[in-house]
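Below: the structure, in structure tokens.
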Amino acid sequence: LKIIKNTIIILLGLGYFLIFGQILRPEISFTPQWINNLESVVNDPDMKDNNFIGFNLNGKFGYINNSGKILFSDNILFGIAIDKLGFISYSRQNNVLVLKDREGMFIDTIETAGYPYFTDDRRFIINYDISGMSEIDVEGSILWKYNFGSSISSVSASESLVFIGTADGRFRLIDLTGEVVFSKDTKESRINIVYGGSISSNNEIILTVTGIEPQLLALWNKSGNEYQIDSSWSLNSDLRRNAVTGFSDDNLYAYLETDEELVLIELKNNNLISIPVTGRVQHLDFPGDSLLLYVLGQDERGYYMIISETDGNVLYRSRLSGNNVMLNNDIDKIILGIDKNIIGYTMGSM
Amino acid sequence: MGRISFLVILFLSVFNTYGFQWPVSDVVLISTFGGSEFGGYVKGLNLGGQTQDVKAIDSGELVYYSYQSASPLDLPSGLGSFVIYQHNNGIRSLYGHLEDSSLNTTKYQVSTLDKIGTMGFTGTAIGAMLYLQVIDTEFKKYINPLLSLPLLPDQNKPLINKIFLSLNDSRLVLGQIKSLKTGIYELSADIRDLSDKAGYYCPLAPFSISIFMNGENLANIDFESMKVREGQLLLQDNDKWSYKDLYNGDWEVFIGSFEFNPGDIMIEISVKDFAGNESIEMFSLKITE
């Protein structure tokens, strides 16, 4: 009887795990490794570590490594554009921008009027009236300038091309010399306007979000020197603002932020996956297939963080306290900044 | 041609053919279309004065809005928080520097009575400001908003401060010379419009500049519209007058290169503002071999 009883218990246990094992997923745990208070930070320019990321938190910016050491930090004047190699801290109005390296050392001045915008390892200056832009190199030299007949609504770059969408419904691809290599007027909607768009890092795919009635999400595949629509969807959204879009690092997914969801597009089968979000996405890390997606969002209740699998299964969703929050997980740790503190976590499953 | 064009524009504005309204009740102009700002053209109007409610220039539909610093992923904008409305006949209007909390981004259809925001300090604004831009999407060009808005009363004439003639490295001021040697001279002028509606210390761009030699019209510069061609913004929709072509400084405009042949010549420069006030400067010169 005892053997039968034990066998039944084992079978029940196995059955439980067989039935519910797919539903029960490991919970995520965060283990804090270090904390750095930005009020009492000491710059350490002698550090030889190259593994720094830029941070921008609560009126301060700088560089921090995965051990929580600060290479450099300073107060933000009015705005900041920062990447791994350098930054421009700018005031409300400038005729000259000052480019510095990550140790705060002067590199060059740039005689231009506009705000810098560093994205996708490229550096741009957006004209004050956002209808023109230029690109600068790491030394601060202006590579090209271009004026558009309308306000720029989205900019995304690969290593060799930059996608620029404008409020007149046109998008262009500009190469490293400032030449327009592809241009398209979107004309499918009652009102034509580009709300968002991105180019994949391998230049093979463009994603666009355009128009009012209908509002269209489209994927354009490269065909020779042109791009042709491969797939398009009429969205339920009625966005009247910029939509955050992009591709996963491995180019296997594209994504789009609407008012109520983050839409992932599995590019191998054009499967759409929805992750509910509220407010605006503030930061997004999306390495790619079989990896996790990290989202920092902000709505009227404050900040929140989502960690999701690529099939849309949300592993972690939590509100974050604090008036200023930043998230980064570029350097083998989750770096979470909340007001005056930056905290490094390792992530595990329980 | 320039004079006819000016009369047409004046007619349009006097009778307010577009039927648009000023977006604020108390109009104070800081800079106007075609003026020089941050090393480029002003593509609209900058309005200052006290903080005021802003209304759309015509009934229309909200097609785009952007809050200053809504997300670090958004583009940085010198316009701060701004909105774009679509009106009839492919006209769009943009309103920049609005106060963040004043934007009404849930009401898409607006009438001319609806408040769409409040003048604010966002973007590059260092005081309460409104930037107004009008775009004709059918012809893909920026229109001088003064063409579409009710005419502002103004008794002040534009000021032709100085007129320069340059040849190689020499630069002469017209009025200070009586004779010149023959040659091809570059003619430029420091011109500012002084308007009753301008803010304190805020000279404005003129509306048209014409040059005549011995009664013959040699050049006209009209501040009516701008268009982008191959990435370059051009005033009056032709191959001339990129910003660098026109401006030698914030107020000095390059009018053209002219050949002066031996004999007596009369140079006349006419500058008009949008209200129709005109200033004329005439100079006689003896050109020698």
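Below, read A as the first sequence line, B as the second, and so on, with proteins coming before strands; counting in each chain starts at 1. Given the structure is predicted, the values throughout are model-derived calculations rather than measurements.
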Checklist entry - What part of B:Thr106 lies closer than 4.5 angstrom to a heavy atom of chain A: side chain, backbone, both or neither? => result neither
Next on the checklist: When you compare the side chains of B:Thr112 and B:Lys55, does any donor N or O come within less than 3.5 Å of an acceptor on the partner?
Outcome noted: no
Checklist entry - Among B:Phe82, B:Tyr108, B:Tyr131, which residue forms the greatest number of heavy-atom pairs with chain A at distances under 4.5 Å? => result B:Tyr108
Checklist entry - Going by atom types alone, do A:Ser189 and A:Glu213 pair a side-chain donor with an acceptor below 3.5 Å? => result no
Checklist entry - Which is it for A:Arg190 and B:Glu61 under the salt bridge (Lys or Arg N to Asp or Glu O under 4.0 Å) test, yes or no, and what are the steps along the way? => result CA-CA 12 Å; A:Arg190 179 174 64 83; B:Glu61 179 175 353; 2.9 Å; yes
Next on the checklist: Quick check on B:Lys244: does its NZ atom have over 12 non-hydrogen neighbours (other residues, nucleotides or ligands) under 6.0 Å away?
Outcome noted: no
Checklist entry - Where on B:Thr124 is there a heavy atom nearer than 4.5 Å to chain A: the side chain, the backbone, both, or neither? => result both
Item to check | When B:Asp74, B:Leu62, B:Val42 are compared by non-hydrogen pairs under 4.5 Å with chain A, the top option | outcome: B:Asp74
Item to check | Among the listed options B:Gly80, B:Ala125, B:Pro76, the residue most often paired with chain A at heavy-atom distances under 4.5 Å | outcome: B:Pro76
Checklist entry - Under 6.0 Å from the CG atom of A:Asn236, do we count more than 12 heavy atoms belonging to anything else shown? => result no
Checklist entry - Where does B:Tyr142 contact chain A at under 4.5 Å (heavy atoms): side chain, backbone, both or neither? => result side chain
Checklist entry - Of the backbone (N, CA, C, O) and the side chain (C-beta and beyond), which part of A:Arg280 lies under 4.5 Å from a heavy atom of chain B, both, or neither? => result side chain
Next on the checklist: With a 4.5 angstrom heavy-atom cut-off, is it the side chain or the backbone of A:Phe78 that approaches chain B, or both, or neither?
Outcome noted: side chain
Next on the checklist: Angle between ring planes, B:Tyr65 versus B:Tyr67, binned at 30° and 60°: parallel, tilted or perpendicular?
Outcome noted: perpendicular
Checklist entry - Out of A:Ile174, A:Asp238, A:Leu284, which one racks up the most heavy-atom pairs below 4.5 Å with chain B? => result A:Asp238
Checklist entry - Which residue out of B:Lys43, B:Gln232, B:Gln133 racks up the most heavy-atom pairs below 4.5 Å with chain A? => result B:Lys43
Checklist entry - In terms of heavy-atom proximity below 4.5 Å to chain A, should B:Ser77 be classed as side chain, backbone, both, or neither? => result both
Next on the checklist: Do A:Val209 and A:Thr245 make a side-chain contact, defined as non-hydrogen atoms from C-beta onward lying under 4.5 Å apart?
Outcome noted: yes
Checklist entry - Quick one: what part of A:Ser91 sits under 4.5 Å from any heavy atom of chain B, side chain, backbone, both or neither? => result neither
Checklist outcome for this item: Okay, B:Leu233 and chain A: the region with an atom under 4.5 Å from a heavy atom over there is both
Checklist entry - Is any side-chain N of the basic residue among A:Asp168 and B:Arg92 closer than 4.0 Å to the acidic one's carboxylate O? => result no
Checklist entry - Would you find more than 12 non-hydrogen atoms of other residues, nucleotides or ligands less than 6.0 Å from B:Lys140 atom NZ? => result yes
Item to check | Interface moiety of A:Phe118 toward chain B, non-hydrogen atoms closer than 4.5 Å | outcome: neither
Checklist entry - Which of the residues A:Ile126, A:Asp129, A:Asn95, A:Val244 is involved in the greatest number of heavy-atom pairs with chain B at under 4.5 angstrom? => result A:Asp129
Next on the checklist: Whether the side chain of B:Gln21 engages the backbone of B:Ala56 through a donor-acceptor N/O pair (distance < 3.5 Å, no angle test) should be reported.
Outcome noted: yes
Checklist entry - For the candidates A:Ile191, A:Val180, A:Ile152, A:Leu239, which exhibits the highest count of non-hydrogen atom pairs separated by less than 4.5 Å from chain B? => result A:Ile191
